[in-house]
Amino acid sequence: MAIHLSNVLFFPITNSLHQSKQSSSSLHFSTSNRHFRGFRLFSTRRTQRRRQSTYEVASRTRDTSSIITDLEKQTEGDEHTENESVAAEIANSWREIHGSNDWTGLLDPMNDLLRSEIIRYGEMAQSCYDAFDYDPFSKYCGSCRFSRSKFFERLGMESGGYEVTRYLYATSNINLPNFFKKSRWPKVWSKNANWIGYVAVSNDGESKLLGRRDIAIAWRGTVTRLEWIVDLMDFLKPVAAAKIPCPNLAVKAESGFLALYTDKDEGCGYSKLSAREQIVTEVKRLVERFAGEEMSITITGHSLGSALAVLSGFDVAEMGVNRLENGRVVPVSVFSFSGPRVGNFSFKERLQELGVKVLRVVNVHDVVPKTPGFLFNESVPTAVMKFAEELPWSYSHVGVELKLDHKISPFLKDTNDPVCAHNLEAHLHLLDGYHGKGRRFVLTSGRDPALVNKACDFLKDHYLVPPNWRQDENKGMIRNKDGRWIQPDRSKFDDHPEDIHHHLKQLGLTFDS
């Protein structure tokens, strides 16, 4: 069994980044471990127990060569049978994995399939960061660096089995300057829009494996700075005031999140429709397209993107977009990473009534999940929360919480840096080693810890992985035929599909809405 050193879990690493670069030359950097996905998904518990002793030795000795030897000695004769067995287990248990029983009995000890699925959706959220153009010197700053048709391929995620059906945009006229990015050049792709995520759907092969057709929505957050928290207006607003048709006026959400989700700029081709309108119309189109199949709607996001994931899950269910003509309801689940509180206690109750399942993955040392609502939140007695319901700063977390602690990972520095504690790749690393409360941290899947340092300085120095290592080759500059270095042109961005007016009309939404 051939194993690349860059994909082995153990350090020291001497040339892993070089190998990653070779394996994805079109990207010039590795963005995920999707090529390890089969290893992760189809490792049965028996195989994982066999590997666990090797991992424990590695954590103590960091002897990479001996680990590779041990892994190569593992038998592969029954691998095909095991793969089929685990594939059947995924197809048969996906409802529980997506929270039909509120993940009871799956978090402690940590269920292997659940861990795999959380990481998979976390990588979808991470792809929004990896694909986003942050560079203010790029004329495409604020956009996605790749076309829809090449999105997963350019990120090294083509084996994941999903196809992007729509890009999502929001107007940058909202007061969240640390979330939106704008180019310094006068000629830009859009003056008032930013790319904030995508909608994707599982292809036929992946749907067979998953046991249903999965509609996935991934929202971009902000990972490099945390000042966006200060930008929040930090007062609650009825969701009905944002034209989300909730019958209970006491249901409120943070006004900045609502503005980002519902505002639009009719003078801009990309944000002439709100993010909300883009989401509900695309989900409706896909639900109608695959109405004869078993389906799921899975939404994911990190940081500010987590708040948008919760809001859009609420909206999809409140609008009934997940309800088919025959009355069948498509389950809606949210996998949230490092998310802030979104709404008040009534928002939490209404989300439960709608049947939206939310699993929140948090690092106990991260400040973002503790905001907003420092004084009145879910930690105080319910009677007090009911009494404080009318206060503009009374918030409640939703769903089920999975707490992680970066200080138990032997790979990570014992730091109080808030950016490190908030980092999404660090959360995925912590998930990989989490087995339950009080249990030893042991990596299980083959996910490379070097990914943690893509956008921060969190790995211990003796692992020899430089901080903030992920970047474009030559910052995206290329040589033209005349030998001059230039920014290459990109293909025209998609704005909105031609049939969107049809779906807007069906949902009772118009440009004047």
Side-chain angles (χ1 to χ4, degrees), residues 4-24 27-33 36 58-59 62 64 119 122-123 125-138 141 145 155-156 178-179 181 220-228 302-303 337-338 363-368 404-433 441 443 446-477:
H4 290 289
L5 183 59
S6 62
N7 293 328
V8 178
L9 286 177
F10 320 104
F11 291 86
I13 293 179
T14 56
N15 61 349
S16 63
L17 302 182
H18 174 69
Q19 291 187 355
S20 294
K21 184 173 179 178
Q22 285 184 326
S23 66
S24 56
L27 272 182
H28 315 300
F29 56 81
S30 174
T31 62
S32 73
N33 258 34
F36 235 59
S59 297
R62 298 193 300 276
T64 305
I119 292 176
E123 288 182 341
Q126 179 64 42
S127 71
C128 292
Y129 292 129
D130 295 335
F132 186 62
D133 190 338
Y134 289 91
D135 187 358
F137 292 101
S138 166
C141 181
R145 298 187 295 114
L155 289 169
N178 292 295
F179 176 73
K181 302 297 178 183
R220 177 176 68 83
T222 177
V223 68
T224 54
R225 302 174 68 183
L226 299 184
E227 289 89 342
W228 66 268
H302 169 256
S303 189
F337 298 86
S338 305
N363 178 355
V364 295
H365 304 287
D366 184 9
V367 66
V368 172
L404 306 174
D405 184 350
H406 74 248
K407 296 194 175 184
I408 69 170
S409 169
F411 296 91
L412 303 181
K413 297 175 181 176
D414 185 3
T415 176
N416 293 318
D417 184 341
V419 173
C420 289
H422 189 58
N423 183 271
L424 177 54
E425 285 286 5
H427 280 68
L428 301 183
H429 165 74
L430 294 175
L431 276 167
D432 196 16
F441 186 93
L443 296 172
R447 199 166 199 282
D448 193 343
L451 295 169
V452 171
N453 265 18
K454 276 164 59 175
C456 67
D457 184 7
F458 209 176
L459 286 175
K460 291 179 178 177
D461 292 342
H462 62 251
Y463 293 133
L464 305 179
V465 178
N468 302 294
W469 58 260
R470 180 194 152 270
Q471 61 182 325
D472 287 336
E473 186 176 24
N474 300 317
K475 291 194 172 181
M477 297 287 285

(request) Check for a donor-acceptor pair, side chain of H406 on one end and backbone N or O of T415 on the other, with a separation under 3.5 Å. (result) yes
(request) Would you please name every residue forming a side chain to side chain donor-acceptor pair (under 3.5 Å) with D417, sequence neighbours left out? (result) none
(request) Measure up the H429 and F411 rings against each other and bin them: parallel (under 30°), tilted (30 to 60°), perpendicular (over 60°). (result) perpendicular
(message) If the condition is side chain to side chain contact (heavy atoms under 4.5 Å, CB included), which residues does D133 pass it with, not counting sequence neighbours?
(response) D135, S138, Y140, S143, R145, R490
(message) Which residue in the set L430, L443, L404 passes side-chain contact (heavy atoms from CB on, under 4.5 Å) when paired with S409?
(response) L430
(request) Starting at CH2 of W469, measure out to CG of L451 and round the result to the nearest 0.5 Å. (result) 5.5 Å
(request) For the residue pair H422 and N363, confirm or rule out a side-chain donor-acceptor distance under 3.5 Å. (result) no
(request) Go through the structure and list residues passing side chain to side chain donor-acceptor pair (under 3.5 Å) with K413, not counting sequence neighbours. (result) D457, D461
(message) Suppose we screen for ring pair (Phe, Tyr, Trp, His ring centres under 6.0 Å). Which residues come up paired with H427, at least two apart in sequence or across chains?
(response) none
(request) Search all heavy atoms of S127 against all heavy atoms of L155 and return the closest pair with its distance. (result) CB-CD1, 3.7 Å
(message) Quick test of your reading of the model: are E425 and R470 salt-bridged, counting only N-O distances below 4.0 Å?
(response) no
(message) For the CG atom of L428 and the CZ atom of R447, what is their distance to the nearest 0.5 Å?
(response) 4.5 Å
(message) In terms of relative ring orientation, are H302 and Y129 parallel, tilted or perpendicular, with 30° and 60° separating the classes?
(response) perpendicular
(request) Taking all non-hydrogen atoms of both residues into account, name the closest pair between V452 and N423 and its distance. (result) O-OD1, 3.9 Å
(request) Could I get the full list of side chain to side chain donor-acceptor pair (under 3.5 Å) partners for N453, not counting sequence neighbours? (result) none
(request) Identify the two heavy atoms, one from P410 and one from F441, that lie closest to each other, and give their separation to 0.1 Å. (result) CD-CD2, 3.5 Å
(message) Please enumerate all residues that pass side chain to side chain donor-acceptor pair (under 3.5 Å) together with N474, with sequence neighbours excluded.
(response) none
(request) Could you tell me whether the side chain of L459 reaches within less than 4.5 Å of the side chain of L412, counting heavy atoms only? (result) yes
(message) Give me the atom names and distance for the closest heavy-atom approach of A426 to C420.
(response) CB-O, 4.1 Å
(request) Write down the atom of D432, the atom of G446, and the distance for their closest heavy-atom approach. (result) OD2-N, 4.3 Å
